[in-house]
Amino acid sequence: MGVAALAAFALGGSAVANAVSNNSSDDAGQSSRSGQRTDEKALTGDTAAKVEEAALAETGGGRVRAVEADGDGNAAYEAHVVKSDGTHVTVYVDENFDVVGTEEGRHGPGGPGHARGAEKALTGDTAAKVKEAALAEVDGATVDRLETDAEGNAAYEAHVTKADGSRATVYVDKSFNVVDVETGR
């Protein structure tokens, strides 16, 4: 147990970072601005450590980005892991902390190709321009996903992880200008 807690700390404490959110939500379990789902609550304590341990055993290591209750009904919990080769995997874990499934290609809540609601994943030249604008705005960030913005804040949104490990959503208009940055999602 101590090893799992130490591993969670060494991996950047992403579960703690994900536990902080001040977004309002709608009736569909979606936050009103950032796309983070309110029906997938961040896990803490022993539960978080056990889910992280099971996920890392399943993926053969990597970095856990988030552990949360699974709101889609796949399992009791889910862990979002970035493997050493950069592959993003969602690991589904039951209430006994046994892995019951995995899904590659998700970057976390609403990952690429899994945009929520009316938001669509960006591709091609549009994705490249939104990424460029977001990275110019948030120095040292990495892009988690790019999608259209269905909430009306802008035409597009880039979900990023800042150099300090915190998250932000960068809103970009149709001319690829940044119009807002929301932190703490």
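Quick caveat, the model's predicted, so the values are computed rather than measured. Hydrogens, waters and symmetry mates are skipped; everything else that's a heavy atom, side chains included, is used.
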Quiz item: Closest approach of V81 and A55, non-hydrogen atoms and distance?
Solution: CG2-CB, 4.0 Å

Practice problem: Could you note down all residue pairs passing ring pair (Phe, Tyr, Trp, His ring centres under 6.0 Å) where residues 50-71 supplies at least one of them, sequence neighbours left out? | Solution: none

Self-check item: Within residues 120-158 or reaching into it, pairs that qualify as ring pair (Phe, Tyr, Trp, His ring centres under 6.0 Å) - sequence neighbours excluded
Solution: Y156-F176

Exercise. Given side-chain contact (heavy atoms from CB on, under 4.5 Å), test D149 with Y171 step by step and report yes or no.
Key: CA-CA 8 Å; D149 177 42; Y171 296 98; 3.9 Å; yes

Quiz item: What closest approach, in Å, do T161 and R167 show between heavy atoms, and which atom pair accounts for it?
Solution: OG1-CG, 4.3 Å

Quiz prompt | Nearest heavy-atom neighbours spanning A75 and D70 | solution = N-OD2, 3.0 Å

Quiz item: Hey, which of R63, E68, H88 is the one that makes side chain to side chain donor-acceptor pair (under 3.5 Å) with H80?
Solution: E68

Practice problem: To the nearest 0.5 angstrom, please state how far the OG1 atom of T169 sits from the CG atom of D144. | Solution: 9.0 Å

Exercise. Go through the structure and list residues passing side-chain contact (heavy atoms from CB on, under 4.5 Å) with N96, not counting sequence neighbours.
Key: D94, D98

Quiz item: Are the side chains of K162 and T183 in touch, meaning some heavy atoms are under 4.5 Å apart?
Solution: yes

Would you mind writing out the side-chain donor-acceptor pairs for residues 125-137 within the sub-3.5 Å range, not counting sequence neighbours?
residue, atom, partner, partner atom, Å
D125, OD2, K129, NZ, 3.2

Practice problem: Please check if V89 and V82 belong to a single hydrophobic cluster, counting links between Ile, Leu, Val, Met, Phe, Trp and Tyr side chain heavy atoms closer than 4.5 Å. | Solution: no

Practice problem: Take V160 and V170 through the side-chain contact (heavy atoms from CB on, under 4.5 Å) test and state the conclusion after the steps. | Solution: CA-CA 8 Å; V160 301; V170 180; 4.3 Å; yes

Practice problem: With rounding to the nearest 0.5 Å, note down the distance linking NZ in K120 to OG1 in T148. | Solution: 7.0 Å

Quiz item: Can you name the nearest heavy-atom pair linking S166 to D164, along with the distance?
Solution: OG-OD1, 2.6 Å

Exercise. Could you tell me whether the side chain of V100 reaches within less than 4.5 Å of the side chain of V93, counting heavy atoms only?
Key: no

Quiz item: For atom CG of D139, is the number of surrounding heavy atoms from other residues, nucleotides or ligands below 6.0 Å larger than 12?
Solution: no

Quiz item: To the nearest 0.5 Å, how far apart are CD in E52 and CG in L43?
Solution: 9.0 Å

Quiz prompt | Flag, side chain of T59 to backbone of G61, donor-acceptor distance under 3.5 Å | solution = yes

Practice problem: Please tell me if the side chains of V179 and V172 come closer than 4.5 Å, counting only heavy atoms from C-beta onward. | Solution: no

Practice problem: Measure the spacing between NE2 of H159 and CZ of R145 and express it to the nearest 0.5 Å. | Solution: 4.0 Å

Practice problem: Taking side-chain contact (heavy atoms from CB on, under 4.5 Å) as the test, write out the residues that go with A155, two or more places apart. | Solution: K174

Quiz item: Taking C-beta and beyond as the side chain, do T90 and T102 meet within less than 4.5 Å on heavy atoms?
Solution: no

Practice problem: Report the distance from atom NZ of K50 to atom CZ of F97, rounding to the nearest 0.5 Å. | Solution: 5.0 Å

